[in-house]
2 protein chains.
Amino acid sequence: MTAPARPQAPQGWRGVRSEVLRRIRARVWAPGDPIPNEADLAAELGVARTTVNRALRELATAGILERRRRSGTRVARHPVGRAVVEIPVLRQEIEAQGLPYAYRLLRAVRTPPPPSIVAHLSDDPALHLVALHSAGRVPYVVEDRWINLTTVPEAETQDFGAISANEWLLGRVPFTRGEIAISALPCMMLAAQALKIPAGREVLALDRTTFDDRRPVTFVRLWFRPGHRIESALML
Amino acid sequence: MTAPARPQAPQGWRGVRSEVLRRIRARVWAPGDPIPNEADLAAELGVARTTVNRALRELATAGILERRRRSGTRVARHPVGRAVVEIPVLRQEIEAQGLPYAYRLLRAVRTPPPPSIVAHLSDDPALHLVALHSAGRVPYVVEDRWINLTTVPEAETQDFGAISANEWLLGRVPFTRGEIAISALPCMMLAAQALKIPAGREVLALDRTTFDDRRPVTFVRLWFRPGHRIESALML
DNA sequence: GAGTGGTCTAGACCACTGT
DNA sequence: CAGTGGTCTAGACCACTCC
């Protein structure tokens, strides 16, 4: 005689989140409207305020709500879409597809960075690496990396033919923050050769700069083969 | 005679997060290593377990730690980079740059979706809209949108010359989940004309499909003008 | 079965901010 | 100054999973 559990009726903070979302969708609370404070909501829904807080915090992180002390919580007027993009760890991404991963170093030169790189990495002396990551015999992505030799002097004597710079840096150098940018750019010649496409063809490029506190560590641009897609689920 | 507050010594859950990060960077805990359980850490650091939980949860979300019940918490072997990308709300993005926002509808046709769209949106009848969003007199992005008329029949009689489909849909149609994909694609002719570039040139394209539960609502592809970058900060 | 993280609760104090 | 969210605490129970 137990009541058959309703299939979709989350409890706890997820339940509160669902209920708030339901009311927003049903226009009980319209964009720009304030919603009740945490204490009132907790009382109404029969949960502790901590639980309401957790739910509302998640919704604010997702861009659905805007919260400010004293003035309270409102439904966002322009629910900004946010997506979490995972930066590929190439070996894993390729092996996850059941393909053999191959890595080949194409260039490793100590050289002063050109102006376009200085903008990302400072004008310290730098190591320029270019490497090809392949899925089986198919070129997958070209890694075009600059390592700041003032921040990471040990890089100069490291043999990047054996271990990819990404894996080496991960274990060796602390970094505290980073920036990424995604764009479509005309492919540099060396990368175009490796990818077997015409030089200058525009391809998907993902740039990442990482810093240890304020000291730039490395700038890397991934040149993806034509057809590659960076995919993700939208938050909420 | 008060002790001068140490400039960087966060308290509470942020403090726990900092301390855990410090130990990972200092290799006290190496990639793949297990770290103490929440109760022990809480006792050691002199905080409640709830506080430790909050800190470790955030680090797990950021991809730094991996947590599993019973087996405990480990330092991720491959700290996946994650970045939160904000999907542009075009009007706001343009006006935030101090430029006048302009919107022009280029095409609005009820038509059966071609196979490439069916893959995203089902083979229901659809409304195809193409619109140009400009910053001042400079073409900024072309919106290439398909609206599922079975899910959103009201769209057929709506005048999208006056209000952009994005703003109309936001207020009208609930959606519960979505997918995005970013790629470099040869620009469709109509978009190329509007952006004043050669047809077929490859440009940055952002696809977004949204669903109301399981029913596809809309598929939109944004064709960005050459040079556009999607930027974001790396998490942590 | 036992150990771990996941979550909830009730209460408390604090930080920020609009009036 | 007062109201709101932000956080901490101590304790508890539960869910999952490895042994």
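All values below were derived from every heavy atom in this structure, side-chain atoms included, with hydrogens, water molecules and symmetry-related copies excluded. Order of the sequence lines sets the chain letters (A, B, ...), proteins ahead of strands, with each chain counted from 1.
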Side chain A:Arg49 and base D:dT7 donor-acceptor under 3.5 Å:
yes
Does B:Thr51 place a side-chain N or O at less than 4.0 Å from the phosphate oxygens OP1/OP2 of D:dT9?
yes
Whole-Å distance separating the CG atom of A:Asn53 from the P atom of C:dA12:
18 Å
Any salt bridge linking B:Glu44 with B:Arg23? Criterion: basic side-chain nitrogen under 4.0 Å from a carboxylate oxygen.
yes
Interatomic distance where CG belongs to A:Leu45 and C1' belongs to C:dC8 [whole Å]
14 Å
Roughly, in whole Å, what's the span from CG in B:Leu41 to C1' in D:dC8?
17 Å
How many Å lie between CH2 on A:Trp13 and C1' on D:dC14, as a whole number?
17 Å
C:dG18, OP1 or OP2 - any side-chain N/O from A:Arg68 closer than 4.0 Å?
yes
Whole Å only: how far is the CG atom of B:Leu65 from the P atom of C:dT4?
16 Å
Classify the side chain of A:Arg70 and the base of D:dA2 as holding, or not holding, a donor-acceptor pair under 3.5 Å.
yes
Short N-O contact, B:Arg57 and B:Glu38, less than 4.0 angstrom
no
Verify, without hydrogens or angle tests, whether B:Ser232 (side chain) and B:Val84 (backbone) share a donor-acceptor contact under 3.5 angstrom.
yes
Would one find a side-chain N or O of B:Arg57 under 4.0 angstrom from OP1 or OP2 of C:dG5?
no
Looking only at the side chain of A:Arg67 (C-beta and beyond, no hydrogens), which of the listed nucleotides C:dG6, C:dT9, D:dG5 gets closest?
D:dG5
What are the two closest non-hydrogen atoms of B:Glu93 and B:Tyr140, and how far apart are they?
OE2-OH, 2.8 Å
Looking at A:Thr73, does any N or O in its side chain come under 4.0 Å of the phosphate oxygens OP1/OP2 on D:dG5?
yes
Earlier contact from the 5' end, DNA chain D, for B:Arg14 and B:Ser71:
B:Arg14
Nearest whole Å is fine: how far is C:dG5 P from B:Glu58 CD?
17 Å
Starting at CG of A:Asn37 and ending at C1' of D:dG6, how long is that distance when rounded to a whole Å?
14 Å
Degree of bending in the helix from C:dG1-D:dC18 to C:dG18-D:dC1 once both end axes are built from five pairs, to 10°:
20°
From the set C:dT9, D:dT4, C:dG5, return the single nucleotide nearest to any side-chain atom of B:Arg69.
C:dG5
When rounded to whole Å, the CD to P distance for the pair B:Glu38 and C:dT7 reads 10 Å
Do we see a donor-acceptor contact under 3.5 Å between the side chains of B:Arg104 and B:Ser134?
no
Below 4.0 angstrom from OP1 or OP2 of D:dT7, is there any side-chain N or O of B:Arg54?
yes
Which residue lies toward the 5' end of DNA chain D, B:Thr50 or A:Ala39, if each is placed at its nearest nucleotide?
A:Ala39
